[in-house]
**Q** 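What follows is a single structure, and I will ask about it in a moment.
What you see below is based on every heavy atom in this structure, not just the backbone, and it leaves out hydrogens, waters and symmetry mates. So that the names make sense, note that chain A is the first sequence line, chain B the second, and so on, each numbered from 1.
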Amino acid sequence: MFMQFNRRWKFGWGRFSEVDLFTDRHESNAETLSQAIRAAASEEPDADGSVLFGQLKGTVVGLRYYSGVVNQGEMVGLVRQPQNPYDRNAVMVANIYGNQVGHIKKELAAAMAYIMDNNLAKVEGVVYSGTKNTYTMPVMLSFWGKEESKNSVLEHMSRRGYKLNTEGGKLKGTVFLLIFFSFQLKNAFDNLFEGLMESKDGEKEAAVSVATPLLLHQKQALSWMCARENKAALPPFWEKRGELYYNTLTCFSAKELPERVRGGILADDMGLGKTLTVIALILTNFHKGKPLPVEKCVSRSVLQSFQAICFMSNLCSLITKCVFTCVQVEKVSPIKAKMTSQMALTLEEGSVLFEDLDFAAALSGSTSDTGSKKKKTDKKSSLTQSEFQQCIFIESRTTLIICPLSVLSNWLDQFEQHVDPNVKLNVYLYYGPERNRSKKFLSSQDVVITTYNVLSSDFGNKSPLHGISWLRVVLDEGHIIRNPNAQMSKAVLDLKAQRRWILSGTPIQNSVRDLWMLVAFLGLKPFDTREWWNRVIQRPVTQGDRAGLQHLQTLVKYITLRRTKNSEVNGRPLVSLPEKKVYVEQVELSQPEREEYELARTEGKNTIGRYVAEGTVLRNYADVLAILMRLRQHCCHPDLLAKISSDLGAAATPAELRERLIEKLRLVLASGSDEECSVCLDSVRLPVITHCAHVYCRPCIAQVISTSGQVARCPLCRSEIKTSELVEFPQEEMEEENSTKSERWRTSSKVQALMGNLLRLRSKDSSIKCLVVSQFTRFLTILETPLREHGFSFVRLDGTMTQKKRTQVIQEFQSSAADSPTIMLLSLKAGGVGLNLTAASHVFLMDPAWNPATEEQCIDRCHRLGQKRKVVVTKFIVKDSVEENMVKIQRKKQDLMEKAFGSTNTDRKTSRIDDIVALMEL
DNA sequence: ACCGCCGGGTGCC
DNA sequence: ACCGCCGGGTGCC
């Protein structure tokens, strides 16, 4: 924390401290600057949702005093310098690498300072002309911020004689656009990681020390990973122009090759062997494609130990002379001992211990070019100042693996299983109170494994992990560090490593924001600085800019390898799974059921028709969903219908209103529409409902309210909202349902259809296990009765259960014991993607979901690696009902998405309304 | 001339 | 900066 503060403080430096920033090594500037910007940015709310207030042409002055250069069209950063001794309003102008270009002219700076300091707007600069000027250059400044700050910013500027040009900035987020974009984005993300599976770099065989033969796709992954670690191709958006390297997005250019990202994201589906691939990488690619020098166990045969010596001596070109002489001695172990101690190379004394520069280069991660440059200098000379700085870190040959506690043991098992037993690989588990905190010891290991929790609790507390320059850092389940403000994320970003990898089965869960953390960890410049990420990627994408999305796609494509279990290599599937068949079984409602359904439908039709006529469909969004919901419940079972739900407008007392809002919240949440919060575009967490019946995350809407002026408005319908009026779901309500359930149990057509199937299956093969899936947990409860009646042994898994209980239930179900349960009642959204239910081979989807992907995911819980039987999926759809229409909606959504990109705003609006009306058949 | 005008020195914040 | 600004030198036309 102190460090952070310190860095920030440095920002306000005056003339003298500027000097240390502008040394020849631009990299150190960049680090200080980007860290400072990062630190500053972490306190601000995120830039998305900002609107453009206007633009203004300003002047950058003092160019002759600074070395930072810019190209035409280049983006520049504006940084306040409150500690500047000549003017506390100073605003500094810097290019992407943090090299100062000049200052904003003082009068303008004086006007901007107040706005920037109070976070009323974020100011961004682009230089379009005059880049070759000696003294001053013009800069186009754009002011971005929250809608509610717009007027005060415009006013403030104009009071000082600066008129912002507000033309063309009409990106106001109307209700429709908001909904539309959150919707569109989600789909864009779903596709973001598609098509990254074509083999990129051929195949590579693993080193001999990898005992398990790699599958084809694993060899391809290995090849790709090695290439990512070794090759020096240009990162995306950079091209060579003459002598310079040029960034096509920011227009920044540099003399030197921009720093490469040595690493990336391996985002293969679960079960494709990411762990094995990483183990192979560790053993295979130590330096320039040469395998990790490992000790062979002292073995029985002379021949083997001879081979071991040969193996060692092959490595001599990589290792110090000292080791070379040791090889003449015939024992293996001492060599290893010497070797590792030599490799650990504590440089604390400040003298160069590396004698073989190639090897040194391997450890320091520099290219052989810098290695050969160094060769020309006197090897024995003492370190220069900057070299000494680097040597505070212990250079190591070690790979650090960070994972969640739950997979820790898996890593250890996998090392055990996949590494040749004749090879001694030093794997150290850095965990538990007795862990060895010696940097020297840790950096002499081949692999150190630890957890995110250990890392973050060590962080800031003389963490040995942060005092080592790792050869490689691997983040397992890397998506869990998506929140950049979390201590864990900070701890991860602070690690020093030559190569960086993120493993994740689900790289983007919800939004672009999550991706920043990954990009920052990988050090993909300039996006590791939040400001540039926001400007170039995040804001364009959240505002629906097509180019922004394309850039994001290019970026992701560049750093990611992702294959799914459905991917193919050379026309063959990566892994062969048993066949899966999906049947739709139409269910006919009984006469009384049909009558009830039609009654509800007519009623709903009238209501929605009225909203459409009034143009208030969106304001009554919750009601529309509620109507649909009731129809869907009719299709399943009459007892699912909530008895209350009269008109909201008629609420007499506050208590009654509250009651109804809770009911609506329940409906919205249970509607299975995969409810998103329109503020964070993420699934709602800690849901609250406003008086206008829109659902948000509590923290999100609280932020909206606190940043608004006197009157806060609902982001969806602009009704007035107050913190005191937010209603949340009372916890007891969840449980209370059970008590009201059974006066007299009755069946329904759908229940009959299911039972018929289950009984038929049991008589055919009693060992078959089934998943019975519904979005309505109450439907699952209803189903329990007939299951018991017919003597089925079943378990239940839904979202309300504790983690412990879940694990227990899953274990029971997965068991192959004769008396183990054969049926699992599963709520559609229960459990994460990782849930493994391969014991089941039949899936009954009781009701259709809005989002076909949710259904797909659910099916995948049993149709995945480890499934031995054919998988049969049965979807029950009630004939002539809303359920049939939902299937149409699913299909149409996709088409709509495609068209949407090309059409104008008005078109989108109308097509969306038409859509609601048409799809509901109302 | 307690002015205007000229031309040299000078220059970010 | 091929500017603006400052302040000293200067002084009818």
**Q** For A:Tyr86 and B:dC12, is the gap between ring centres under 5.5 Å while the planes differ by less than 30°?
**A** no
**Q** For C:dC13, give the paired nucleotide (Watson-Crick: N1-N3 plus N6-O4 or O6-N4; G-U: N1-O2 and O6-N3; both under 3.5 Å), or none.
**A** none
**Q** Are side-chain heavy atoms of A:Met488 and A:Phe459 found at a separation under 4.5 Å?
**A** no
**Q** Taking atom C1' in both C:dC13 and B:dC2, compute the distance separating them and give it to the nearest angstrom.
**A** 25 Å
**Q** Rounded to the Å, how far apart are A:Tyr65 OH and B:dC13 P?
**A** 9 Å
**Q** Taking NZ from A:Lys106 and P from B:dC12, how many angstroms apart are they, rounded to a whole number?
**A** 9 Å
**Q** Suppose we screen for salt bridge (charged side-chain N to carboxylate O under 4.0 Å, His left out). Which residues come up paired with A:Glu239, at least two apart in sequence or across chains?
**A** A:Arg241
**Q** Given B:dC12, is OP1 or OP2 found less than 4.0 Å from the side-chain N or O atoms of A:Arg64?
**A** yes
**Q** Taking only the C1' atom of each, what is the distance from C:dC6 to C:dA1 in whole angstrom?
**A** 15 Å
**Q** State the pairing partner of B:dA1; accept Watson-Crick or G-U wobble contacts with both distances under 3.5 Å, and report none otherwise.
**A** none
**Q** Under 4.0 Å between a Lys/Arg side-chain N and an Asp/Glu carboxylate O for A:Glu124 and A:Arg539?
**A** yes
**Q** Quick one: A:Asn89 CG to B:dC13 P, roughly how many Å, whole number?
**A** 12 Å
**Q** In this structure, how many angstroms lie between the P atom of C:dG4 and the NZ atom of A:Lys105, rounded?
**A** 10 Å
**Q** Rounded to whole angstroms, how far apart are CE on A:Met137 and C1' on B:dC12?
**A** 13 Å
**Q** In whole angstroms, how far is the C1' atom of B:dC12 from the NE2 atom of A:His103?
**A** 7 Å
**Q** Can you confirm whether A:Lys255 is buried at NZ, in the sense that more than 12 heavy atoms of other residues, nucleotides or ligands lie under 6.0 Å from that atom?
**A** no
**Q** Run the side chain to side chain contact (heavy atoms under 4.5 Å, CB included) test on A:Trp532 and A:Leu249 for me, step by step, so that the C-alpha distance in whole Å, both residues' side-chain angles and the decisive distance to 0.1 Å come before the verdict.
**A** CA-CA 10 Å; A:Trp532 301 113; A:Leu249 285 191; over 6 Å; no
**Q** Rounded to the nearest Å, what distance is computed from the NZ atom of residue A:Lys132 to the P atom of nucleotide C:dA1?
**A** 16 Å
**Q** To the nearest Å, how far apart are A:Asp87 CG and B:dG11 C1'?
**A** 16 Å
**Q** Less than 5.5 Å between centroids and less than 30° between ring planes, does A:Tyr135 satisfy that with C:dA1?
**A** yes
**Q** Check every strand shown and say whether A:Leu63 touches a base, only sugar-phosphate, or nothing at a heavy-atom separation below 4.0 Å.
**A** nothing
